[in-house]
**Q** 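Got a structure here, written out as structure tokens. Questions coming.
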There are 2 protein chains.
Amino acid sequence: MPQEVDKLGTVRVYPDKTPVYHQGDTATRIFRVNSGVVMTFRMLEDSQRQITGFCTEGEFFGLSPNGEHMDGAITVTSAGIQSVSIAALETDSDLRTRILNHSWRKIEDAQNLMMTLTKTSSEARVAAFLVMLAERKARRSEDDGIEVRLPMSRLDIADYLGLSRETVSRRLNDLKSLGLIGLPDTHTAKINQFAGLRRCAGLSAAH
Amino acid sequence: MPQEVDKLGTVRVYPDKTPVYHQGDTATRIFRVNSGVVMTFRMLEDSQRQITGFCTEGEFFGLSPNGEHMDGAITVTSAGIQSVSIAALETDSDLRTRILNHSWRKIEDAQNLMMTLTKTSSEARVAAFLVMLAERKARRSEDDGIEVRLPMSRLDIADYLGLSRETVSRRLNDLKSLGLIGLPDTHTAKINQFAGLRRCAGLSAAH
DNA sequence: CGTTCTGTTGAGTCACCTCAAGCAGTGTGG
DNA sequence: CCACACTGCTTGAGGTGACTCAACAGAACG
């Protein structure tokens with residue numbers, strides 16, 4: 001897809017933990033992750049944080065209605081990021097259609113997360129998080145035994161799932177005790193029983 | 001705005017509590033509220049429900065990425081609704097831009113709701129809900145004493161805010177006891193102290 | 001004037017949070 | 001090479017805010 005690369009501009013590489021833009025910045029460009037992981041988040045006055053998404057390869061972020069970024073974005077790992085000016089959207093009808101479709105997917109993601117945040121136990125949330133990461137990694141996700149990287153901190157996961165850092169830690173170890181996952185090190189999860197994990201997340205068995 | 005009406009098709013009137021479309025339906029059209037209130041919601045297997053939004057005049061709903069509705073939509077009050085086929089979007093670049101912008105606003109709304117759902121107490125959530133409705137009604141919203149209609153049931157509010165019906169009822173009465181609001185009847189809230197209500201919702205004083 | 005549906009109120013429980021201590025991995029300077 | 005500090009993760013103990021269950025009140029409806 002070299003054509004797409006052209007449209008979206010050259011890839012710029014960011015080190016890990018590097019801000020891409022800040023909440024409140026004027027929004028002139030929209031971004032796309034080419035490699036690595038980027039997270040978007042919103043802050044409240046009292047330094048409360050909600051992580052609104054972890055973006056991996058192919059995902060757009062920085063979509064803002066008012067010309068002002070409503071969230072901040074920071075790299076979790078080192079990441080390659082492309083961007084295109086919002087002005088360019090005006091002229092490129094094709095790209096605009098693509099962004100529109102992607103925006104709708106983002107609405108769906110946000111609504112999924114809302115369900116997770118309100119309707120499920122802490123265990124189900126953590127399980128759902130792992131399932132999400134696993135399904136991103138592999139379409140053929142029914143395979144047990146695949147390993148998922150967790151490049152973000154426990155606090156990042158907590159702020160995504162609406163839990164405390166301690167609860168995330170506890171539930172991960174619970175899932176390990178149940179035999180559903182393994183934790184070879186703190187930033188890797190091995191999915192032992194994918195179906196069981198999905199069930200635990202409150203999801204139906206099939207993909 | 002008669003031109004807009006033309007683009008979006010004629011207004012069709014739905015009685016209250018009438019489904020507009022169901023979760024899982026194939027998505028061929030997108031909708032716009034012309035009058036009244038429509039709510040969108042998602043269901044989980046065990047009849048858990050998350051209301052994803054209350055749409056009032058001017059708002060679009062039914063935006064779906066895959067040609068399948070990821071949420072359901074039902075009128076809360078009697079409502080006038082326009083719609084346009086997704087196919088028509090392909091040809092109408094102008095409308096598409098408008099929808100794109102509206103979609104980004106929806107993402108913002110969803111993220112706002114996520115903050116509310118995870119980071120605030122039940123009291124703050126109910127206060128935030130009332131503030132939201134009040135600000136929709138009146139741009140000049142600093143006026144104390146305005147009355148807000150609550151056409152939806154307590155359970156609807158609960159399923160929007162991620163609370164139980166009982167908690168919504170309790171917190172509304174708490175806000176009444178604090179003198180911030182009045183409840184002349186169950187489906188009307190009178191905002192006595194707008195600034196105080198905003199503070200209670202965890203929002204800064206200014207609009 | 002029952003019947004039903006929605007909203008309110010009370011009592012008790014529990015899941016998750018908070019606070020606090022301990023631990024492992026990593027880096028730093030003597 | 002080894003104390004030392006520092007950061008991120010884990011584990012334990014205790015508190016609490018919202019849920020659940022249950023009874024009641026009031027409105028809507030036939």
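Predicted, not measured: the structure shown is a model, and the values here were computed from it. Chain naming here is simple, since letters A, B, ... match the order of the sequence lines and numbering starts at 1 in each.
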**Q** Contact class for A/R171 (heavy atom, under 4.0 Å): base, sugar-phosphate, or nothing?
**A** sugar-phosphate
**Q** Separation of A/L155 atom CG from D/dT10 atom P, in whole Å?
**A** 12 Å
**Q** What nucleotide, of C/dC17, C/dG7, D/dA18, holds the atom closest to the side chain of B/H187?
**A** C/dG7
**Q** Whole Å only: how far is the CG atom of A/L172 from the P atom of D/dC9?
**A** 11 Å
**Q** Roughly, in whole Å, what's the span from CG in A/L183 to P in D/dG8?
**A** 19 Å
**Q** Establish, with yes or no, whether the OP1 or OP2 oxygen of D/dC19 is under 4.0 angstrom from a side-chain nitrogen or oxygen of B/T167.
**A** yes
**Q** Between B/D174 and B/S177, is any side-chain donor less than 3.5 angstrom from a side-chain acceptor?
**A** no
**Q** Using only heavy-atom distances, decide whether a donor-acceptor pair under 3.5 angstrom links the side-chain of A/E123 to the base of C/dC16.
**A** no
**Q** Where the side chain of A/R154 is concerned, which of C/dT9, D/dC9, C/dC16 is the nearest nucleotide?
**A** D/dC9
**Q** Nearest to the B/E166 side chain among C/dT9, D/dC19, D/dT11, which nucleotide is it?
**A** C/dT9
**Q** Is A/S122 close enough to C/dA15 that one of its side-chain N or O atoms is under 4.0 Å from OP1 or OP2 there?
**A** no
**Q** Carefully, step by step, assess B/T40 and B/I51 under the rule side chain to side chain contact (heavy atoms under 4.5 Å, CB included).
**A** CA-CA 6 Å; B/T40 54; B/I51 290 175; 5.8 Å; no
**Q** Before we go on, tell me: are the rings of B/F31 and B/Y21 under 6.0 Å apart, centre to centre?
**A** yes
**Q** Distance check needed: C/dC17 P versus A/D159 CG, whole Å only.
**A** 11 Å
**Q** Using atom CZ of B/R125 as one end and atom P of D/dA18 as the other, report the distance to the nearest whole Å.
**A** 7 Å
**Q** For the pair B/T118 and A/Q50, evaluate side-chain hydrogen bond (donor to acceptor under 3.5 Å, both in side chains) and give the outcome as yes or no after the intermediate values.
**A** CA-CA 8 Å; B/T118 53; A/Q50 173 68 46; 2.7 Å; yes
**Q** For the side chain of A/S169, counting heavy atoms from C-beta on, which of C/dT9, D/dT11, D/dA18 is nearest?
**A** D/dT11
**Q** Determine whether a donor-acceptor pair (one donor, one acceptor, N or O, separation below 3.5 Å) exists between the side chain of B/R170 and the base of D/dT20.
**A** yes
**Q** Does A/K119, at its NZ atom, have more than 12 non-hydrogen atoms belonging to other residues, nucleotides or ligands within less than 6.0 Å?
**A** yes
**Q** May I ask you to check whether over 12 heavy atoms, not counting those of B/R12, lie within 6.0 Å of atom CZ?
**A** no
**Q** Please encode protein proximity along nucleotides 24-30 of chain D as a string of B, S and -, counting only heavy-atom distances under 4.0 Å.
**A** -------
**Q** Look at the side chain of B/S153 and decide which nucleotide, out of C/dT8, C/dT6, D/dA18, has an atom nearest to it.
**A** C/dT6
**Q** For B/E135, is there an ion pair with B/R198 - N to carboxylate O distance below 4.0 angstrom?
**A** yes
**Q** Within the 4.5 Å heavy-atom criterion, are B/T56 and B/V33 side-chain neighbours or not?
**A** no
**Q** So what does A/T186 touch, heavy atoms closer than 4.0 Å: a base, only the sugar-phosphate, or nothing?
**A** sugar-phosphate
**Q** What integer distance in Å separates B/D174:CG from D/dG17:P?
**A** 12 Å
**Q** Find the distance B/N173:CG to C/dG7:C1' and express it as a whole number of Å.
**A** 9 Å
**Q** Round to the nearest Å and state the distance from B/L117 atom CG to C/dC16 atom P.
**A** 16 Å
